[in-house]
Engineer: 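Please find one structure pasted underneath; my questions will follow.
Positions are given from 1, in the same order as the sequence printed here. First listed ligand is number 1; within each ligand, the first listed atom is number 1. All values derive from a computational prediction rather than experimental measurement.
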Amino acid sequence: MVEIRSVHKSFGPLEVLRGIDLSVRAGEVTVVLGPSGSGKSTLLRTINHLEKVDQGWISVDGTLVGYRRSGNKLYELREREVLRQRTAIGFVFQNFNLFPHLTVLENVIEAPVAALGRPRKDGVAAAGKLLARVGLADKAGAYPKQLSGGQQQRVAIARALALEPKLLLFDEPTSALDPELVGEVLDVIKDLAHGGTTMIVVTHEIGFAREVADTVVFMDEGRIVEQGPPADVLDHPVQERTRAFLSKVL
Ligand code: ADP
Ligand code: MG
């Protein structure tokens, strides 16, 4: 589903991604771990072309991200084409990023109805199902500020699902939550994982990684240091840097 090959990315003199290779199979859950500043968010952002790569390439479901190939040449897609490509990828951020002036329902139908012009009736029906799936069927008319952080993040997940993405990206989805609200959000993500949604999750929740991940990837200083099944990477890490990191977060 996702192929990342030799991806490099710099911000000015700072090389943030230093040759990333990663494959994610359809239906699998990849958890990305690593210290702050190791490039995890930048990697997620390159996958839907929120950041352009400097070298290498990324494909999602067989389609090159952000570029079109013609013969030997690569042409960058126009903004409209990039936006269309992005509709196949759901992104859930640390800080929910809901529209504060829109109700829960309007947040969920914004992309399919307001942005893509699908019939409102269909959008509302689909949103009702999605809100039920994240346990918020009774909150359709509420505004984000009337909800807890955990509820807001569950709305953000419903919103990400509204375009039926092939791939879901989560960037530290529980890091901004009070500890007692983390579980309800992880439960929703676990439910999606068990339902076969392909996802890449950046998180420090090791218990979640152990339970849900097919593959755990440990990043440090812009490189993948180690990757494999959770039982290997979490319980028998080979690399010293992985061990040092895990000893801090466990
Ligand atoms: P992580 O998510 O692992 O904490 P990030 O991918 O957010 O790491 O950041 C990696 C490095 O890139 C950090 O040093 C960060 O300050 C830097 N960085 C991220 N985005 C930008 C940007 N838009 N401009 C300049 N530097 C950036
Ligand atoms: Mg980050």
Side-chain angles (χ1 to χ4, degrees), residues 2-24 29-58 60 65-66 76 79 82-83 86 89-98 149-150 152-153 156-157 159-160 167-179 181-182 185-186 189 199-209 212-213 215-228 230 233-234 237 239-250:
V2 185
E3 297 282 354
I4 299 175
R5 288 292 169 270
S6 306
V7 161
H8 290 253
K9 173 70 187 177
S10 296
F11 294 109
L14 179 67
E15 196 177 14
V16 174
L17 300 177
R18 305 179 180 208
I20 299 285
D21 289 282
L22 182 66
S23 301
V24 176
V29 178
T30 300
V31 168
V32 181
L33 304 174
S36 179
S38 57
K40 306 180 300 294
S41 294
T42 303
L43 178 63
L44 284 192
R45 291 167 59 80
T46 60
I47 296 172
N48 67 353
H49 211 58
L50 287 168
E51 299 289 354
K52 292 172 195 173
V53 305
D54 299 329
Q55 279 179 57
W57 55 266
I58 298 172
V60 174
V65 172
E76 196 172 350
E79 186 62 19
V82 170
L83 289 177
R86 259 185 216 142
I89 304 173
F91 207 128
V92 176
F93 301 89
Q94 184 174 339
N95 292 311
F96 329 136
N97 289 12
L98 296 176
Q152 289 185 54
Q153 191 59 303
I157 293 170
R159 185 179 61 174
L167 172 68
L168 270 183
L169 307 175
F170 292 87
D171 195 356
E172 301 201 28
T174 61
S175 294
L177 299 175
D178 292 333
L181 303 178
V182 168
V185 172
L186 291 182
I189 301 174
M199 51 177 88
I200 303 177
V201 187
V202 173
T203 182
H204 297 299
E205 297 289 337
I206 303 296
F208 170 84
V212 177
T215 301
V216 174
V217 171
F218 175 68
M219 276 182 77
D220 194 19
E221 296 183 350
R223 290 195 177 87
I224 293 178
V225 172
E226 187 159 359
Q227 64 172 298
V233 177
L234 299 177
Q239 301 295 331
E240 183 50 40
R241 281 191 284 174
T242 315
R243 280 190 218 135
F245 175 79
L246 289 171
S247 72
K248 283 182 210 149
V249 296
L250 281 176

Engineer: Looking at CG of Leu177 and CD of Gln94, how far apart are the two atoms once the value is rounded to the nearest 0.5 Å?
Structural biologist: 9.0 Å
Engineer: Is it true that Ser38 lies under 4.0 Å from ligand 1, counting heavy atoms only?
Structural biologist: yes
Engineer: Would you mind telling me if ligand 1 is within reach of the side chain of Asp171, the backbone, both or neither, using heavy atoms under 4.0 Å?
Structural biologist: neither
Engineer: Among all protein non-hydrogen atoms, which one is nearest to atom 4 (O) of ligand 1, and what is the separation to 0.1 Å?
Structural biologist: Gly37 N, 2.7 Å
Engineer: Look at atom 9 (O) of ligand 1 and say which protein heavy atom is nearest, naming residue and atom and giving the distance to 0.1 Å.
Structural biologist: Thr42 OG1, 3.9 Å
Engineer: For Val16 and ligand 1, does the shortest N/O to N/O distance drop below 3.5 Å?
Structural biologist: no
Engineer: Does a side chain donor of either Ser23 or Glu3 reach within less than 3.5 Å of an acceptor in the other side chain?
Structural biologist: yes
Engineer: For atom 8 (O) of ligand 1, what is the nearest protein heavy atom, given as residue, atom name and distance?
Structural biologist: Gly39 N, 3.2 Å
Engineer: Check whether any protein heavy atom sits under 4.0 Å from atom 16 (O) of ligand 1.
Structural biologist: no
Engineer: Identify the heavy atoms of Gly222 and Ile20 that sit nearest to each other, and give their distance.
Structural biologist: O-CD1, 3.4 Å
Engineer: Look at atom 27 (C) of ligand 1 and say which protein heavy atom is nearest, naming residue and atom and giving the distance to 0.1 Å.
Structural biologist: Phe11 CD1, 3.2 Å
Engineer: State whether Ser41 contributes an N/O/S atom found under 2.8 Å from the Mg ion (ligand 2).
Structural biologist: yes
Engineer: Report yes or no: does Gly12 have a heavy atom closer than 4.0 Å to ligand 1?
Structural biologist: no
Engineer: Can you report which non-hydrogen protein atom sits closest to atom 7 (O) of ligand 1, along with the distance?
Structural biologist: Ser41 CB, 3.6 Å
Engineer: Just jot down the ligand 1 atoms closer than 4.0 angstrom to any heavy atom of Leu14, in number order.
Structural biologist: 12 (O), 14 (O), 17 (C)
Engineer: Okay, side chain of Arg243, backbone of Pro237: is any donor-acceptor separation there less than 3.5 Å?
Structural biologist: yes
Engineer: Indicate yes or no: does an N/O atom of Lys40 lie under 3.5 Å from an N/O atom of ligand 1?
Structural biologist: yes
Engineer: Could you give the distance from CG (Leu33) to CD1 (Ile206), rounded to the nearest 0.5 Å?
Structural biologist: 4.5 Å
Engineer: Say you draw a straight line from CD1 of Ile224 to CD1 of Ile4; how long is it, rounded to the nearest 0.5 Å?
Structural biologist: 7.0 Å
Engineer: Measure the CG-OG1 distance between Leu186 and Thr174 for me, rounded to the nearest 0.5 Å.
Structural biologist: 5.0 Å
Engineer: For ligand 1, which atoms sit closer than 4.0 Å to a heavy atom of Pro35?
Structural biologist: 3 (O)
Engineer: Locate the shortest heavy-atom distance separating Glu226 from Val233; write the atom from each residue and the value.
Structural biologist: CG-CG2, 4.3 Å
Engineer: For residues His204 and Lys248, determine if any side-chain heavy atom of one lies less than 4.5 Å from a side-chain heavy atom of the other.
Structural biologist: no
